[in-house]
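For reference, the structure is listed below as structure tokens.
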Amino acid sequence: MRATLPLLTPSDFPAIARRAIETLQVNVGYRCNQACHHCHVNASPDRSEIMGPEVVDEVLRVLAARRVPTLDVTGGAPELNPNFRHLVREARRLGVRVIDRCNLTVLNEPGFEDLAAFLAAQNVEIIASLPCYTKENVDKQRGDHVFESSILGLRKLNALGYGVAGSQLTLNLVYNPLGPLLPPAQDKLEADYKRELGTHFGIVFNHLYTLANMPIKRFGSTLITQGKFAAYMTLLRSAHNPANLDGVMCRSLVSVDHRGHLYDCDFNQMLGIPLVVAGRPRRHVSDLLSGAIDNAEIAVAEHCYGCTAGQGSSCSGALA
Ligand code: SF4
Ligand code: SF4
């Protein structure tokens, strides 16, 4: 794995100011049943880092004390963490909106046959990666047989009411380009996905989010190896749209890693760029009980152009 951070600093990316925390994005571990080429987390079945019960309980205390409206649970495949269901149940008991970043194939893993029903019973919103509506492109990016398994997972979710008109259960899909390109227009691609998945597989969903690939971790390393890193950065920088600065997710989100350490976003977490308050890095989720980060600066670097290029990218899709 080639390091990308030395290529991302220094940077002239504009300073961004923090707003009130609306979302706690909690990465409960890097273990995943897949090992996709574009993964910015380097997740795989071989990763063993997971959030333990003590940190999960700290997260729940913060949700309750700070009245954070949304918990966004990510990984890896977050559902593989044995504490996942406890976290979801207790957050929902607090009235928190819970989002599960689901890779779909985990719904078909042995021992997880009841996972889709659990998510539906807890009214968890699902954001699921599906980088194309064709088998060829999905398997190329995510591995052999991933498309078939993803369709099976989507059918299970649809059967429970996810994504179905009139249902309260929300199912959003995520698209990211196969290579070092910007995503196409989100609304046009959403219409294409709805037509193709509906016609060929009878699948329905609510919205499609288009995200740019970040020049970090596995994707960034591949670009370096292929000699395409500098060209991709030029593309992101040349497509920078200042209007997107208002909506970048770090303004209203705090990212927590499996040890409870805080970051400005999941990408900074993966790069090891900690959230710094009053000169002290590696603040812990328990520090949020005292509201200690409200005036903390956001640590920006060159990868931030991945959030503002073109129509922009955030944890809920395009910004423009
Ligand atoms: S499914 Fe998601 S977390 Fe797992 S390897 Fe693929 S991109 Fe990474
Ligand atoms: S990469 Fe993170 S810190 Fe940079 S703009 Fe995007 S969300 Fe904010």
Presence of salt bridge, [Y] and [X], under 4.0 angstrom:
X      : Y      : value
Arg251 : Asp246 : yes
Arg259 : Glu49  : no
Arg97  : Glu125 : yes

Check your understanding: So, for Tyr305 and Phe13, is the gap between ring centers shorter than 6.0 Å?
Key -> yes
Exercise for review: Tell me whether the centres of the aromatic rings in Phe219 and Tyr232 are closer together than 6.0 Å.
Suggested key: yes
**Study point:** Apart from Val164 itself, residues in the same hydrophobic cluster as defined by side-chain heavy atoms under 4.5 Å
**Key:** Val204
Hey, is the main chain of [Y] close enough, under 3.5 Å, to the side chain of [X] for a donor-acceptor pair?
X      : Y      : answer
Ser149 : His145 : no
Asp72  : Gln25  : no
Asn27  : Val73  : no
Ser238 : Leu235 : yes
Ser221 : Lys217 : no
Arg31  : Leu80  : no
Asp257 : Gln269 : no
Asp114 : Ala117 : no

Can you confirm whether [X] sits close enough to [Y] that some side-chain heavy atom of one is under 4.5 Å from a side-chain heavy atom of the other?
X      : Y      : answer
Asp100 : Ile127 : no
Glu90  : Val96  : no
Leu71  : Arg92  : no
Glu302 : Leu5   : no
Asp264 : Val254 : no
Asn176 : Thr210 : no
Leu189 : Tyr175 : yes
Ile99  : Thr170 : no

**Study point:** Trace of the side-chain contact (heavy atoms from CB on, under 4.5 Å) decision for Glu109 with Glu79
**Key:** CA-CA 11 Å; Glu109 286 289 305; Glu79 307 88 347; over 6 Å; no
Check your understanding: Does the side chain of Ser255 pick up a donor-acceptor pair with the side chain of Asn268 at under 3.5 Å?
Key -> no
Check your understanding: Can you list every ring pair (Phe, Tyr, Trp, His ring centres under 6.0 Å) pair that touches residues 258-295, not counting sequence neighbours?
Key -> Tyr30-His258, His40-Phe267
Point to revise | Lys/Arg cation over aromatic Phe118: Arg85, 6.0 Å, 45° cone | key: yes
**Study point:** Minimum-distance pair of heavy atoms, taken over all atoms of Leu107 and Cys102
**Key:** CG-SG, 4.1 Å
Practice item. Give the minimum heavy-atom separation between Lys194 and Asn206, together with the two atoms involved. Key: NZ-O, 2.7 Å
Side-chain donor-acceptor pairs under 3.5 Å in residues 51-66, sequence neighbours left out?
residue, atom, partner, partner atom, Å
Asp57, OD1, His86, NE2, 3.1
Arg66, NH1, Leu288, O, 3.1
Arg66, NH2, Asp294, OD1, 3.3

Check your understanding: If you round to the nearest 0.5 Å, how far is CG of Asp287 from CD1 of Ile293?
Key -> 9.5 Å
